[in-house]
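Notes follow once the structure below has been shown.
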Amino acid sequence: MKRREPTTYRRHHRKVGSMKIGIIGAGNIGGNLTRRLTALGHDVSVANSRGPQTLVALAEETGATPVTAAEAARGAQVVVVTVPLKAVPLLPSGFLDEAAEGAVVIDTGNYYPQQRDGRIGAIEDGLPESRWTEQQIGHPVVKAFNGTYAQDILDNGRPKGSPGRQALPVAGDDAAAKQVVRDLIDELGFDTVDAGGLDESWHQQPGTPVYGHQGDTEAVAKALAAASPERTAEWRA
């Protein structure tokens, strides 16, 4: 979710046990996750659709390794898919085949039919966006970061227990995978709210009360509960 271009970011504590993380997509969310996760000491590989030669500046800034999309998940314990929904079916076939055993895949995507993606029939018919992405890539996903302003990832992280700490909703079917994502978000400086299984992830899609929300856990939980499954005209093809 875009707000404005990144400017600076805070470095928090280095993680005791770093993970190998692959990020596919180097736009606003992907770029800022690269910045923050490398600052925390994780081993990050980052890819985009234009090739690693276009990621030299980001690599020099962060220490991340620029790779192709087909290579980004190699050996990764966490893979972040943060590309436009219309580009998900174009990801390289088998791009997750060489990920670490039990790799967790985070989907940050949003369906913008009028603004970017065109009509995707299954989603128009009510299939949650992340369930569609899961079907396209053939691997379970955890939905997170989709309603988060990119700049918040750089600017709004706070130590655990801070009053008013911003919370992010997280949806997914696998409790262990979801916990990995929640722990990573905590390390980034945010609380989380369990938004249920992936079939419930429509609660955090564009147009819902929690989309773009910057509140704490209580406020985010209330926003999730207030969501309607009916898409407004702005978010339909």
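Numbering of residues begins at 1 and proceeds along the displayed sequence.
- Here the options are Arg236, Arg131, Arg231, the test is side-chain contact (heavy atoms from CB on, under 4.5 Å), and the partner is Ile123; only Arg231 passes.
- If you take CG on Asp107 and CD on Glu134, they are separated by 9.5 Å, rounding to the nearest 0.5 Å.
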Please tabulate, one pair per line, all N/O donor-acceptor pairs under 3.5 Å involving side-chain atoms of residues 45-52, not counting sequence neighbours.
from, atom 1, to, atom 2, distance (Å)
Asn48, OD1, Arg50, N, 3.1
Asn48, OD1, Gly51, N, 2.9
Asn48, OD1, Thr54, OG1, 3.4
Asn48, ND2, Thr54, OG1, 2.9

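- Atoms CD1 and OG1, from Ile106 and Thr82 in turn, are 10.0 Å apart once rounded to the nearest 0.5 Å.
- Residues satisfying the salt bridge (charged side-chain N to carboxylate O under 4.0 Å, His left out) test with Glu124, not counting sequence neighbours, are none.
- Applying the side-chain hydrogen bond (donor to acceptor under 3.5 Å, both in side chains) rule to Arg165 yields the partners Asp186, Asp191; only residues at least two apart in sequence or on another chain are considered.
- In this structure, the side chains of Val181 and Lys178 stay at 4.5 Å or more apart for every pair of heavy atoms.
- Interatomic distance, Leu90 CG to Gln136 CD, rounded to the nearest 0.5 Å: 10.0 Å.
- Among Gln77, Arg36, Glu187, Lys20, the one residue that satisfies the side-chain hydrogen bond (donor to acceptor under 3.5 Å, both in side chains) test with His42 is Glu187.
- With a 4.5 Å cut-off on side-chain heavy atoms, Glu230 and Trp202 do not count as touching.
- The closest side-chain heavy-atom distance from Pro89 to Trp132 is below 4.5 Å.
- In this structure, CG in Asn32 is found 8.5 Å from CG in Asp155, a value given to the nearest 0.5 Å.
- Contacts of Arg74 classified as salt bridge (charged side-chain N to carboxylate O under 4.0 Å, His left out), with partners at least two apart in sequence or in another chain: Glu98.
- Listed by chain and residue number, nothing satisfies the side-chain hydrogen bond (donor to acceptor under 3.5 Å, both in side chains) test with Glu234 (two or more places apart in sequence, or in another chain).
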### Task
Would you please test Ser130 and Lys143 for side chain to side chain donor-acceptor pair (under 3.5 Å) and show each step?
CA-CA 6 Å; Ser130 287; Lys143 188 178 189 72; 3.0 Å; yes
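- At distances below 3.5 Å, at least one donor-acceptor pair connects side-chain atoms of Asp117 with backbone N or O atoms of Tyr112.
- Here CZ of Phe190 is found 6.5 Å from CG of Leu168. Values are rounded to the nearest 0.5 Å.
- By the 4.5 Å heavy-atom criterion applied to side chains, Leu85 and Asn110 are not counted as neighbours.
- Taking 4.5 Å as the limit, every side-chain heavy atom of His203 sits out of range of all side-chain heavy atoms of Val210.
- Thr34 is not listed as a side-chain neighbour of Leu55, based on a closest heavy-atom distance of 4.5 Å or more.
- Taking Glu71 as the reference, Thr68 meet the side-chain hydrogen bond (donor to acceptor under 3.5 Å, both in side chains) condition, with sequence neighbours excluded.
- With hydrogens and angles ignored, the 3.5 Å screen pairs a side-chain donor or acceptor of Gln205 with a backbone N or O of Glu129.
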